[in-house]
A.B. asks: 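Pasting in a structure now, in structure tokens, and then I'll have a few things to ask.
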Amino acid sequence: MRRVVITGLGPLTPIGVGAEAYHKAQLAGRSGVRPITRFDASTLPVRIAAEVDVNPEAFLDKKELRRLDRFVQYALIAAELALKDAGLEPGALDPERVGTLVGTGIGGMETWEAQSKVFLERGPNRISPFFIPMMIANMASAHIAMRYGFMGPSSTAVTACATGSDAIGNALRMIQLGEADIVLAGGTEAAITPMAIGAFAVMRALSTRNEEPQKASRPFTLSRDGFVMGEGAGVLVLEEYEHAKKRGARIYAELVGFGRSADAHHITEPHPEGKGAALAMRRALWDARVDPEAVGYINAHGTSTPVGDRAEVLAIKEVFGEHAKRLMVSSTKSMTGHLLGAAGGIEAIATAQALYHGVIPPTINLEDPDPELDLDFVPEPREAKVTYALSNSFAFGGQNAVLLFKRV
Amino acid sequence: MTEQEIFEKVKAVIAEKLSVEPEKVTLEARFIEDLGADSLDTVELIMGLEDEFGLEISDEEAEKIRTVKDAVAFIQAKLG
């Protein structure tokens, strides 16, 4: 079986842009949550989010920007960061052997809202001819392919909050099966809009800790009250091992396993005992024939919702048994907020960095740990040489995707 | 409205919709070949002209508008 390694990291996150800035921010335990600036949120019950601080004009020209929804802009920026980080010159690659698989949970929400207004106020004949190509979810991968001329397999995962991990797992298969030698994979999301924040808020999914934004994302605590919406993109360069070795590439980690499952339970609630989550973790381990005891770190889904965090802890205990107590488990969403479809992307990056740099990123805001959730949630960054690490992603609809990484 | 006034307004719409420098928008300029418009750009451009001048341009009419000069002449004739 062809082996797959991670050779480039492109994080565009609310706590840092680029591999180095993102890594440093994690170790500093920085929160990216702030009062919303993107629009006037004063009438909403939720007025905080984790926005990215980036100037798209530094990466894309004016005409491109007008034609691209923010979710595609973010994907293009993250792809450029990843390629640069990998030391790859796109023009020097065999374009037919490079694939693109960057998913999104929602797609062009901002464009949708703006054009809905045009439609309702002025009728169907005034809708922008760019509405559809700006809004549809496949356009992140498509634009990356167009920009660099990559003609390998191009596809899109749309599995809500599991999107990023699902895309990376599918990219792993593409390379293992020989469809491509390099795949740009990950997720992108730009859903800090009045309608999306309003909609998640009425579901009671979001934290309303408006007065203390930096403390709002507090996974595994007693006072957790929902997730904080984040935005951005996380794109990785996945590369076939021999291909990477031949060009002397820096290898952050090997991607060795991918596990998927469905809760088959509810539209938004996880299975109360985390049955589907456990199955996905077990399958990721089985995929690489790795024993649970070999795993040292889990980058948790850990969104800071009351039911989600509980189900995940139960699932971890079910899979790892006694070993669960020895595992380090952290939720980097405590810092970045929840980037929905991009979460799996930036968390795969954090997990690869943890293995490569030998430091586990913390769960911040762990001030009042929930006594029922009794794992080691790593409240401060911790130096540790870990051989295997998992990254968990669980979606609305009960779709679960788990990645297994190995230190090289 | 004089031809010059129409031209100035048309130029502003084109510069905005096609993200081109206004000085590139000469009377002779062709939308696709000279100003880099694709098929969707031209649809948006026609919609922009309709809005700017408060008139309707049918698809048949739009197909004949290929240069800035075509647009100015068409609008001048429509406005009478």
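In what follows, chains carry the letters A, B, and so on, assigned in the order in which the sequence lines appear, proteins first and then strands, with residues in each chain numbered from 1.
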A.B. asks: Please flag which part of A:Ile132 lies under 4.5 Å from any non-hydrogen atom of chain B: side chain, backbone, both or neither.
C.D. replies: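 The answer is neither part of A:Ile132.
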A.B. asks: Does a side-chain N-to-carboxylate-O contact under 4.0 Å join A:Arg66 and B:Asp41?
C.D. replies: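 Answer for the salt bridge query: no.
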A.B. asks: For the atom pair CD (A:Glu64) and OG (B:Ser19), what is the distance rounded to the nearest 0.5 Å?
C.D. replies: 10.5 Å
A.B. asks: Find out whether A:Lys63 and B:Lys17 are in side-chain contact, i.e. whether some heavy atom of one side chain is under 4.5 Å from a heavy atom of the other.
C.D. replies: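 They are not in contact (no side-chain heavy atoms under 4.5 Å apart), so the answer is no.
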A.B. asks: Around atom CG of A:Asp53, are there more than 12 heavy atoms from other residues, nucleotides or ligands closer than 6.0 Å?
C.D. replies: no
A.B. asks: Can you tell which part of A:Arg126 gets under 4.5 Å to a heavy atom of chain B, answering side chain, backbone, both or neither?
C.D. replies: both
A.B. asks: May I ask you to check whether over 12 heavy atoms, not counting those of A:Met146, lie within 6.0 Å of atom CE?
C.D. replies: yes
A.B. asks: Would one find more than 12 heavy atoms of other residues, nucleotides or ligands at under 6.0 Å from atom CD of B:Glu61?
C.D. replies: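 Correct, the count exceeds 12.
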A.B. asks: Heavy-atom distances under 4.5 Å only: say whether B:Glu56 touches chain A with side chain, backbone, both or neither.
C.D. replies: neither
A.B. asks: Could you measure the distance from the CD atom of B:Glu50 to the CG atom of A:Asn125? Nearest 0.5 Å is fine.
C.D. replies: 9.0 Å
A.B. asks: Run the salt bridge (Lys or Arg N to Asp or Glu O under 4.0 Å) test on A:Arg122 and B:Asp51 for me, step by step, so that the C-alpha distance in whole Å, both residues' side-chain angles and the decisive distance to 0.1 Å come before the verdict.
C.D. replies: CA-CA 11 Å; A:Arg122 305 187 59 205; B:Asp51 286 347; 2.8 Å; yes
A.B. asks: Does a sphere of radius 6.0 Å around CD in B:Glu8 hold more than 12 heavy atoms from other residues, nucleotides or ligands, not counting ones at 6.0 Å or beyond?
C.D. replies: yes
A.B. asks: Do other residues, nucleotides or ligands put more than 12 heavy atoms under 6.0 Å from the CD atom of B:Glu5?
C.D. replies: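 Counting other residues, nucleotides and ligands, CD of B:Glu5 exceeds 12 neighbours.
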A.B. asks: Here's a test for you: under side chain to side chain contact (heavy atoms under 4.5 Å, CB included), which of B:Ile46, B:Thr42, B:Val43, B:Leu45 qualifies with A:Pro129?
C.D. replies: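 Among B:Ile46, B:Thr42, B:Val43, B:Leu45, the one that satisfies the side chain to side chain contact (heavy atoms under 4.5 Å, CB included) with A:Pro129 is B:Val43.
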A.B. asks: At a heavy-atom separation under 4.5 Å, does A:Asp61 approach chain B through its side chain, its backbone, both, or neither?
C.D. replies: neither
A.B. asks: Drop me the distance from A:Phe131's CZ to B:Leu40's CG, to the nearest 0.5 angstrom.
C.D. replies: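 Atom-to-atom, A:Phe131:CZ and B:Leu40:CG are 13.5 Å apart.
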